[in-house]
Peer 1: 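Following this message is one structure expressed as structure tokens.
Here the structure is a predicted model, which means the values were calculated and not measured.
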Amino acid sequence: DVQLQAYGGGLVQAGGSLTLSCVASGIIYGDYAIGWFRQAPGKEREGVSYISDNGLSTYHSDSVKGRFTISRDNAANTVYLQMDSLKPEDTAVYYCAADRTYTSGVYSRKQYDYNYWGQGTLVTVSS
């Protein structure tokens, strides 16, 4: 079975930092691009950050650019999302998802391309 587990959420004050981890089992992690998505209460799920299978290509949405950093360690089957300078509007459930890629070094920003999803981890930023 393929499983993605997202860890690291919690309560933090505005301006603080958190690091989320996405750990996978049942897949060859290096064959997959990974995306982090979030869903705030009453809002649609949105893409936050993406990283290619080899880690050489990354993308951050405008709302988190300069504050969040995505990285990966394929040997550890883990992708990280370092979140700094957190704002109350970053409060959401954060999900990681995996997209099997057949071209190295690319990622998709389309949610429907992501086949496997983790269970989500809640990040709450207090003002």
Peer 1: Determine yes or no for a side-chain-to-main-chain donor-acceptor pair under 3.5 angstrom, with T91 supplying the side chain and V125 the backbone.
Peer 2: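 Confirmed, T91 side chain pairs with V125 backbone.
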Peer 1: Give, for atom SG of C96 and atom CH2 of W36, the distance between the pair rounded to the nearest 0.5 Å.
Peer 2: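 Result: 4.5 Å between the selected atoms.
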Peer 1: Between G105 and D53, which heavy-atom pair has the shortest distance, and what is it?
Peer 2: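 So the minimum-distance heavy-atom pair works out to N-OD1, 2.8 Å.
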Peer 1: Treat each ILVMFWY residue as a node, draw an edge where side-chain heavy atoms are under 4.5 Å apart, and state whether V123 and Y50 are in one component.
Peer 2: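 Not linked; separate clusters.
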Peer 1: Does the side chain of C22 come within less than 4.5 Å of Y94's, by heavy atoms?
Peer 2: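 When only atoms from C-beta onward are counted, C22 and Y94 do not touch, as no gap falls below 4.5 Å.
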Peer 1: Using a 4.5 Å cut-off on heavy atoms from C-beta on, say whether the side chain of Q5 contacts that of Q3.
Peer 2: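 Q3 reaches Q5 side chain to side chain.
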Peer 1: Just how far is it from atom OG of S126 to atom CG of L86, taken to the nearest 0.5 Å?
Peer 2: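 Between atom OG of S126 and atom CG of L86 there are 10.0 Å.
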Peer 1: What is the minimum heavy-atom distance between Y114 and S108, and which atoms define it?
Peer 2: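 Result for this residue pair: OH-O, 2.6 Å.
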Peer 1: Salt bridge or not between K65 and D62? Use side-chain N to carboxylate O under 4.0 Å.
Peer 2: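 Yes, K65 and D62 are salt-bridged.
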Peer 1: Testing the basics here: between L81 and S49, what is the closest heavy-atom pair and its distance to 0.1 Å?
Peer 2: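 So the two residues come closest at CD1-OG, 3.6 Å.
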Peer 1: Can you tell me if T101 and T103 form a side-chain donor-acceptor pair at under 3.5 Å?
Peer 2: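 Looking only at side-chain atoms, T103 and T101 do not form any donor-acceptor pair under 3.5 Å.
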Peer 1: So, for G47 and S61, which heavy atoms are closest and what is the spacing to 0.1 Å?
Peer 2: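 Looking at all heavy atoms of both residues, the shortest contact is O-CB, 3.8 Å.
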Peer 1: List the steps and the verdict of side chain to side chain contact (heavy atoms under 4.5 Å, CB included) for Q111 and R45.
Peer 2: CA-CA 9 Å; Q111 293 192 34; R45 188 168 61 193; 2.8 Å; yes
Peer 1: Are the side chains of K87 and R67 in contact, using a 4.5 Å heavy-atom criterion?
Peer 2: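 Yes. Closest side-chain heavy atoms under 4.5 Å.
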Peer 1: Without swapping roles, check the side chain of T121 against the backbone of G9 for a donor-acceptor pair under 3.5 Å.
Peer 2: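 Here the side-chain-to-backbone pair exists.
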Peer 1: Does the Lys NZ or Arg CZ of R72 fall within the cation-pi geometry relative to Y80 - under 6.0 Å from the ring centre and within 45° of the axis?
Peer 2: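 No, R72 does not lie over the aromatic ring of Y80.
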Peer 1: Mind checking what makes salt bridge (charged side-chain N to carboxylate O under 4.0 Å, His left out) contact with D99, not counting sequence neighbours?
Peer 2: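 Salt bridge (charged side-chain N to carboxylate O under 4.0 Å, His left out) list for D99, sorted by chain: empty.
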Peer 1: Treating Q119 as the side-chain partner and A6 as the backbone partner, does any N or O pair qualify as donor plus acceptor under 3.5 Å?
Peer 2: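 Side chain of Q119 to backbone of A6: a pair is present.
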Peer 1: Honestly curious: do V106 and V48 fall in one hydrophobic cluster under the side-chain, below-4.5 Å linking rule?
Peer 2: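 No, it is not one cluster - the side chains of V106 and V48 are not joined through contacts under 4.5 Å.
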Peer 1: Can you name the closest pair of heavy atoms from V2 and L4 and give their distance?
Peer 2: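 Here V2 and L4 meet closest at CG1-CD1, 4.2 Å.
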Peer 1: May I ask you to check whether over 12 heavy atoms, not counting those of L122, lie within 6.0 Å of atom CG?
Peer 2: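 Yes, the 6.0 Å shell around CG holds more than 12 heavy atoms from other groups.
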Peer 1: State whether a side-chain donor-acceptor pair under 3.5 Å links T19 with Q82.
Peer 2: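 Yes.
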Peer 1: Would you say the rings of W117 and F37 are close, in the sense that their centroids are separated by under 6.0 Å?
Peer 2: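 That pair passes the under 6.0 Å test.
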Peer 1: Looking at residues at least two apart in the chain, or sitting in another chain, which of them share a side chain to side chain contact (heavy atoms under 4.5 Å, CB included) with R100?
Peer 2: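 For R100, the residues satisfying side chain to side chain contact (heavy atoms under 4.5 Å, CB included) (neighbours in sequence not counted) are D31, Y32, Y102, N115.
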Peer 1: In Å and rounded to the nearest 0.5 Å, what is the CD1 to CG distance from I27 to D1?
Peer 2: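 Separation between the atoms: 12.5 Å.
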Peer 1: Quick one: do Y107 and Y29 end up in the same hydrophobic cluster if we chain Ile, Leu, Val, Met, Phe, Trp and Tyr together by side-chain heavy atoms under 4.5 Å apart?
Peer 2: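 Each belongs to a different hydrophobic cluster.
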Peer 1: Do the side chains of Y59 and Y95 join up, straight or via other hydrophobic residues, at under 4.5 Å, putting them in one cluster?
Peer 2: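 Cluster IDs for Y59 and Y95 match.
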Peer 1: At their closest point, which heavy atom of A76 faces which heavy atom of T78, and how far apart are they?
Peer 2: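 Scanning both residues, the minimum pair turns out to be O-OG1, 2.8 Å.
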Peer 1: For residues Y116 and I70: do they belong to one hydrophobic cluster (side chain heavy atoms under 4.5 Å, members Ile, Leu, Val, Met, Phe, Trp, Tyr)?
Peer 2: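 Looking at the clustering, I70 is in the same group as Y116.
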Peer 1: Can we say D90 and R38 salt-bridge, meaning some charged N sits less than 4.0 Å from an Asp/Glu carboxylate O?
Peer 2: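 Yes, D90 and R38 are salt-bridged.
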